[in-house]
Colleague: 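I'd like to ask you about the structure that follows.
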Amino acid sequence: MSRNGRSFTSIGSFEKNTTSDAPYKMLYTAPNGQNGTYYFRIKQVYANGYVRYSNTKQVLLGNSVATKFSVYPNPSTGVVGIKFDNNSAGHYSIQIYNTQGQVIVNKTIVVSDSPYVELANLKSGSYWVRLTDEKSQTSCVNQLLIK
């Protein structure tokens, strides 16, 4: 990883995968939420010591403005709500889906000061909760388990 495209530092390594054809993946989170341009390349070291570098790729990281939330409590005994993880004032639409894809709950909520909003009382099962910010139209989805 590099900020200038010339001086690189390692952010991780992988051992050779001989049992699967799955692609190699590595997640990267910018330190302290620093956004901007980052450069990445792969250093491949062969058994005989030969080193090869991939082409350098440029990535522009921006600040995430998506509302983050968690379903609380999860798992639950029936009564569930949303706990917002960041500044969350606004209008949101909520859909709760069962495992067959049917909408069980469909409502709009207005959030102002409270980081927690009660949503529903659900029967035992597994659900998906979709929250959509009505202003930006960005969505987040979390899984919910009712005992």
Colleague: To the nearest 0.5 angstrom, please state how far the CE atom of Met1 sits from the CD1 atom of Ile11.
Modeller: 7.0 Å

Colleague: CD1/Ile96 to CG/Leu144 distance, rounded to the nearest 0.5 angstrom?
Modeller: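 It comes to 6.5 Å.
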
Colleague: So, does Lys107 use its side chain to make a donor-acceptor pair with the main chain of Leu119 at under 3.5 Å?
Modeller: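 The answer is yes, because a donor-acceptor pair under 3.5 Å joins these two groups.
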
Colleague: Please walk me through it: do Ser54 and Gln44 pass side chain to side chain donor-acceptor pair (under 3.5 Å)?
Modeller: CA-CA 8 Å; Ser54 70; Gln44 187 172 3; over 6 Å; no

Colleague: Cut-off 3.5 Å, side chains only: do Arg3 and Tyr39 have a donor facing an acceptor?
Modeller: no

Colleague: Less than 4.5 Å apart, any side-chain heavy atom of Ile109 and any of Val111?
Modeller: yes

Colleague: Taking atom CD of Gln100 as the centre, does the number of heavy atoms from other residues, nucleotides or ligands within less than 6.0 Å exceed 12?
Modeller: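 More than 12 heavy atoms, drawn from other residues, nucleotides or ligands, come within 6.0 Å of this atom.
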
Colleague: Just how far is it from atom CD1 of Ile94 to atom OG1 of Thr132, taken to the nearest 0.5 Å?
Modeller: 8.0 Å

Colleague: Taking atom CG of Leu145 as the centre, does the number of heavy atoms from other residues, nucleotides or ligands within less than 6.0 Å exceed 12?
Modeller: yes

Colleague: In the single-linkage hydrophobic clustering (I, L, V, M, F, W, Y; side-chain heavy atoms under 4.5 Å), do Ile104 and Tyr97 co-cluster?
Modeller: no

Colleague: Using 0.5 Å steps for rounding, measure from the CD atom of Gln95 to the CH2 atom of Trp128.
Modeller: 15.0 Å

Colleague: Donor-acceptor check, side chain of Asp133 to backbone of Gln137, threshold 3.5 angstrom: yes or no?
Modeller: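 No.
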
Colleague: Just by distance, do the side chain of Ser2 and the backbone of Phe8 share a donor-acceptor pair under 3.5 Å?
Modeller: no

Colleague: So, do Thr37 and Gln58 sit near enough that their side-chain heavy atoms are less than 4.5 Å apart?
Modeller: yes

Colleague: Between atom CZ of Arg130 and atom CG of Asn106, what is the distance when rounded to the nearest 0.5 Å?
Modeller: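 One gets 10.5 Å once the value is rounded to the nearest 0.5 Å.
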
